[in-house]
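Structure first, commentary second.
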Amino acid sequence: MNRTALCARTAVGLLLLLFLQPALAVIETYEFEQESLRERYGVLTAELRCPKCQNQNIADSNAPIAQDLRKQLYEQLHAGSSDEEIVEYMVSRYGEFVMYRPRLNQVTLVLWLAPVILLALALWVLLSSLRRRTGVDTPVSLTAAEQAKLDAIVADSGASNVATDDAATNSTATNNSGSNNATLKGTSND
Amino acid sequence: MGRLKLFLPLGLFIVLAGFLLRGLQLDPQAMPSALIDKPLPEFELTVLGGNGQRVTRQQVIGEVALFNVWATWCVSCRVEHPYLTQLAAEGVPIYGINYKDEDGAALQWLRELGDPYRLNIVDTEGSLGLDLGVFGAPETYIVDALGVIRYRHVGVVDARVWLEVLEPIVQQLRQEEES
């Protein structure tokens with residue numbers, strides 16, 4: 001007795017599932033008279049944004065409003081409206097918001113130009129940092145006092161050159177480059 | 001100058017944090033209606049419970065009024081219904097747009113919960129809703145005496161929304177009308 005009741009209940013449950021499944025998955029299908037209309041329908045449903053579910057286009061969304069808009073779109077395509085007319089129809093009702101590709105106007109100018117500006121900025125930073133690394137940058141000029149101090153240091157390290165063999169080779173190397181730089185900067189300074 | 005550059009990341013962070021903080025206070029669902037300051041769309045539809053009687057735009061304009069988009073399938077509509085009834089009792093003209101609904105269910109709703117509406121425009125197909133840019137129920141529009149849409153509220157109308165947002169606009173429009 002108990003078992004049959006359980007069986008019956010399971011059967012009813014399964015039946016319910018059977019009925020629910022297609023209802024959840026349904027999305028309307030449209031027949032198109034011409035292939036070109038079908039293509040334009042595809043493009044427009046991808047580019048028009050669902051007003052209710054804000055991060056989906058009307059092709060993806062199954063919100064009632066998206067269904068309505070798809071139906072509108074289908075009817076208008078068959079009535080011979082141009083893409084511009086259809087988009088204008090949608091925008092006049094739901095605002096610029098319905099376009100995933102916003103038009104270029106005063107409000108969206110920053111939006112459209114931002115990538116170009118950011119790219120230019122990034123290139124500028126990259127180039128200037130590369131130039132600095134290769135040392136092509138204009139040399140920093142020293143004041144007279146700094147130059148005198150540098151000369152003194154160079155002369156001083158030159159004097160201590162004879163300390164040990166190891167240290168000698170080492171400091172000669174630095175010494176050489178140092179004095180080279182010093183002369184270079186000295187000339188550019190004059 | 002060179003040392004100031006070190007503060008650049010901090011500056012960028014503060015600017016970014018500022019934007020994010022502002023973003024927290026914005027309602028991402030809030031959208032300005034494209035029909036603000038545009039005339040209420042033309043329509044010719046039936047009156048709910050009017051035995052096929054037709055209603056057009058000309059019959060519902062002439063004074064500052066609320067247009068409330070509602071349906072029996074809309075849960076939030078049930079929430080705002082008592083407040084609308086109260087507003088109607090206070091003398092605020094409210095027209096209903098019964099959006100994508102069944103007449104029988106809508107009439108029963110009004111019998112059970114009270115009827116705050118001057119009349120209900122039956123919009124079974126959602127055609128008026130589409131022209132209005134409705135994307136869900138409830139939505140409430142303020143239409144002025146000339147039939148121009150002046151405000152749209154998306155969501156439930158309650159005491160707070162009415163007192164803080166809608167009533168000031170209605171008062172202002174009434175003053176405009178008198179002057």
Side-chain angles (χ1 to χ4, degrees), chain A residues 23 28 48-58 60-76 79 81 85-100 102-103 105 107-108 110-111 114 117-118 121-122 124-126 128-129 132 137-138 140-141, chain B residues 1-2 5-6 8-9 11-12 15-16 19 23 26-43 67 69-77 97-102 123-139 141 148-149 151-152 154-155:
Chain A
E28 76 285 357
L48 288 170
R49 189 175 180 183
C50 168
K52 183 71 190 168
C53 29
Q54 302 196 340
N55 292 317
Q56 281 182 305
N57 56 29
I58 61 171
D60 284 342
S61 168
N62 212 19
I65 185 67
Q67 290 171 17
D68 286 359
L69 293 186
R70 283 197 297 267
K71 184 163 164 268
Q72 254 324 304
L73 179 59
Y74 175 80
E75 283 168 3
Q76 291 194 14
S81 303
E85 282 166 355
I86 294 172
V87 169
E88 189 46 52
Y89 175 91
M90 301 291 179
V91 169
S92 68
R93 284 159 179 77
Y94 294 96
E96 299 267 321
F97 179 89
V98 292
M99 288 183 293
Y100 256 130
R103 291 172 184 155
N105 60 28
V107 181
T108 57
V110 178
L111 192 69
I117 294 169
L118 285 177
L121 206 69
W124 177 72
V125 169
L126 182 73
S128 67
S129 74
R132 198 174 317 149
D137 226 344
T138 49
V140 184
S141 46
Chain B
M1 188 56 213
K5 256 188 191 164
L6 294 175
L8 205 64
L12 283 176
V15 170
L16 186 66
F19 274 107
L26 293 176
D27 176 7
Q29 293 287 330
M31 266 206 303
S33 168
L35 276 105
I36 298 296
D37 295 332
K38 302 258 172 68
L40 188 73
E42 293 285 345
F43 62 88
F67 282 74
V69 180
W70 68 282
T72 52
W73 46 259
C74 151
V75 182
S76 315
C77 296
I97 298 171
N98 191 223
Y99 180 61
K100 292 185 164 192
D101 208 354
E102 286 161 18
D123 189 21
T124 318
E125 295 295 311
S127 59
L128 177 58
L130 194 72
D131 284 344
L132 274 171
V134 169
F135 57 80
E139 285 188 21
Y141 294 78
V148 176
I149 297 169
Y151 190 79
R152 163 168 81 168
V154 175

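Chain identifiers are assigned alphabetically (A, B, ...) following the order of the sequence lines, protein sequences preceding nucleic acid strands; residue numbering begins at 1 within each chain. Keep in mind it's a predicted model, so treat the numbers as computed, not measured.
- In terms of heavy-atom proximity, Gly95(A) sits nearest to Ala34(B) at N-CB, 3.3 Å.
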Could you list each donor and acceptor atom pair linking chain A to chain B at less than 3.5 Å?
unit_1, atom_1, unit_2, atom_2, d
Gln54(A), NE2, Pro28(B), O, 3.2
Asp68(A), OD1, Lys100(B), NZ, 2.7
Asp68(A), OD2, Lys100(B), NZ, 2.3
Arg93(A), NE, Asp131(B), OD1, 3.0
Arg93(A), NH2, Asp131(B), OD1, 2.9
Tyr94(A), OH, Val134(B), O, 3.1

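- Contacts of Val91(A) with chain B are made by backbone atoms alone, with heavy-atom separations under 4.5 Å and no side-chain atom involved.
- At a 4.5 Å heavy-atom cutoff, the contact between Val134(B) and chain A is made by backbone atoms alone.
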